[in-house]
Amino acid sequence: MKQSATMKITRAIFFSPVFLLLLLFISVSCGKKGDPTLKAFEQPQTPSNLRAIHREDKLYLLWDFPKAAERTIAGFILLKSSGQDRGFEKLLHLPPDKRLHIDTGFSPGAEYDYKIISQSHTAVYGSDSNIISVTFLETPSPPASVTFRAEQNALFLSWQSTGPVRYNVYRSYEKGNYGITPVNRSPLSENTFRDIFTTSKPVYYTIRSLRDTPVRNEGAPSPELTVNPFDFIPSAPKRLQSLATPDRIFLYWDEPAETWVTGFRVYRKSEGTDYILIGETQIPTFVDKENTSVKRDYRVTAVGPSREGPATELPGIVFAPGR
């Protein structure tokens, strides 16, 4: 009887829904994973477009790799060769989110080869990237006498030539902080550059000379050029004149030499009063329609991106009422 009762209890437990679910969970958890195990040993994706920039005493190595594929690799291995008789040797291991390495271990005039591969989490290596050869030439002297000329929507940079070289222009909105990508799309052969004129904030420039070689061999930067539109002060308007008619007075003056002028302000002073602003215009003409026979004086100023220039005055204008 005891055995029978025990067996009944055991069967009740074994065939209960909770116990069956527990067995199902264990069997699924301990089963073979199939494809994920096979994929773990697949060759990882290859880094591409390995390129180099030689700047002074540093070599910037850059490459491309999909952001979405970073989780599939443990990192990159950068390899370097210093001669045809010597094979590639591992330079260092880099994390999967890296796309840039700066190498300083080279000698002037020497030639080196570089390539990069990816490594999976299971130590499987990918295919080699393209090989890039770098000859460390003497870098050219930096440009001197960098100046600018501002127009309404353009900024023209110019500098002193440094010989049979090309140039790259670097722009920044943070003083002294420049990246490695120039503003110009390809190296410049002329010592001039046209850029968009930004009137809302200061902008900084530096120019680098470079050799005309497959690898960018750049020299030191030129002195930094600051273009601060808040310092631009237009000159006073010239040849301010008036024309009185029966119902209004026309004011007109010459176009300013500064093409970056954004407009003009017109002030008027009557007898016993001080100058007051009566209007603004974006063209060198203004019409005063106030109908009064009192003699008045006018003052006109030009306005730059943020500052107003000195005034030109035209005193003693008398309104000519109709008859």
Side-chain angles (χ1 to χ4, degrees), residues 39-82 86-108 110-137 139 166-188 195 203-221 224:
K39 286 184 178 180
F41 290 95
E42 289 182 355
Q43 192 177 48
Q45 192 162 338
T46 303
S48 62
N49 192 25
L50 178 63
R51 54 204 184 275
I53 301 170
H54 174 212
R55 177 182 287 180
E56 302 174 72
D57 60 347
K58 296 181 177 66
L59 180 70
Y60 295 77
L61 293 162
L62 305 96
W63 59 93
D64 297 336
F65 193 80
K67 183 73 177 175
E70 286 181 2
R71 60 183 179 83
T72 66
I73 62 171
F76 303 103
I77 298 175
L78 183 63
L79 300 105
K80 180 179 180 180
S81 174
S82 57
R86 298 180 60 183
F88 280 93
E89 298 178 355
K90 178 180 175 181
L91 186 60
L92 76 166
H93 189 279
L94 296 163
D97 60 343
K98 277 283 190 180
R99 302 294 185 274
L100 167 68
H101 173 70
I102 300 175
D103 187 19
T104 57
F106 54 82
S107 301
E111 182 177 344
Y112 300 87
D113 293 333
Y114 295 87
K115 66 180 179 180
I116 189 168
I117 61 174
S118 54
Q119 180 183 7
S120 72
H121 294 285
T122 54
V124 176
Y125 298 115
S127 301
D128 293 349
S129 72
N130 59 298
I131 297 174
I132 185 165
S133 298
V134 181
T135 301
F136 290 91
L137 304 175
T139 54
R166 295 182 182 271
Y167 305 97
N168 279 334
V169 178
Y170 294 88
R171 178 182 62 203
S172 176
Y173 297 108
E174 183 180 347
K175 186 176 178 63
N177 185 17
Y178 298 90
I180 59 175
T181 304
V183 182
N184 48 293
R185 293 184 178 180
S186 58
L188 305 170
D195 198 14
V203 61
Y204 307 93
Y205 292 91
T206 187
I207 320 293
R208 290 179 184 262
S209 304
L210 68 151
R211 304 288 183 193
D212 190 9
T213 55
V215 172
R216 192 197 306 176
N217 280 285
E218 284 187 337
E224 187 173 62

Polar side-chain atom of [X] near backbone of [Y] as donor-acceptor pair, under 3.5 Å:
| X | Y | result |
| --- | --- | --- |
| S127 | T46 | no |
| N130 | L50 | yes |
| R185 | P182 | no |
| R208 | G219 | yes |

Considering non-hydrogen atoms only, spot the tightest contact between [X] and [Y] and give its length.
| X | Y | value |
| --- | --- | --- |
| A74 | P96 | O-CD, 3.5 Å |
| A52 | L61 | CB-CD2, 3.9 Å |
| N217 | T135 | OD1-O, 3.8 Å |
| E42 | V124 | O-CG1, 3.8 Å |
| P187 | L210 | CG-CD1, 4.1 Å |
| S120 | P44 | N-CG, 3.9 Å |

Using side-chain contact (heavy atoms from CB on, under 4.5 Å) as the criterion, list what pairs up with T72, not counting sequence neighbours.
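With neighbours one apart ignored, the set is A69.
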So I117 and F88, do their side chains get closer than 4.5 Å, heavy atoms only?
no
Not counting sequence neighbours, which residues clear salt bridge (Lys or Arg N to Asp or Glu O under 4.0 Å) with [X]? List them please.
| X | answer |
| --- | --- |
| D212 | R166 |
| K67 | E70 |
| D113 | none |

For the atom pair [atom1] ([X]) and [atom2] ([Y]), what is the distance rounded to the nearest 0.5 Å?
| X | Y | atom1 | atom2 | result |
| --- | --- | --- | --- | --- |
| S118 | Q43 | OG | CD | 7.5 Å |
| E89 | L91 | CD | CG | 9.5 Å |
| I73 | H121 | CD1 | NE2 | 7.5 Å |
| L92 | L79 | CG | CG | 9.5 Å |
| I180 | E218 | CD1 | CD | 9.5 Å |
| Q119 | I77 | CD | CD1 | 4.5 Å |

For [X], check ring pair (Phe, Tyr, Trp, His ring centres under 6.0 Å) against everything at least two apart and list the hits.
| X | answer |
| --- | --- |
| F65 | F76 |
| F136 | H54, F106, Y112 |
| Y204 | none |
| Y205 | none |

For [X], side-chain hydrogen bond (donor to acceptor under 3.5 Å, both in side chains) partners two or more places apart:
| X | value |
| --- | --- |
| N177 | E174 |
| K175 | E224 |
| R211 | none |

Pairs flagged by salt bridge (charged side-chain N to carboxylate O under 4.0 Å, His left out) wherever residues 115-134 is involved - sequence neighbours left out
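Applying salt bridge (charged side-chain N to carboxylate O under 4.0 Å, His left out) to every pair that reaches into residues 115-134, excluding sequence neighbours, yields K115-D128.
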Here's a test for you: under side-chain hydrogen bond (donor to acceptor under 3.5 Å, both in side chains), which of T181, N184, T206 qualifies with N168?
N184
Verify side chain to side chain contact (heavy atoms under 4.5 Å, CB included) between L188 and V169, making sure each step is shown before the conclusion.
CA-CA 9 Å; L188 305 170; V169 178; 3.8 Å; yes
Give a yes/no verdict on a cation-pi contact between R55 and Y170, requiring under 6.0 Å between NZ or CZ and the six-membered ring centre and an angle within 45° of the axis.
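Positive - R55 is close enough to the ring of Y170 and near enough to its axis.
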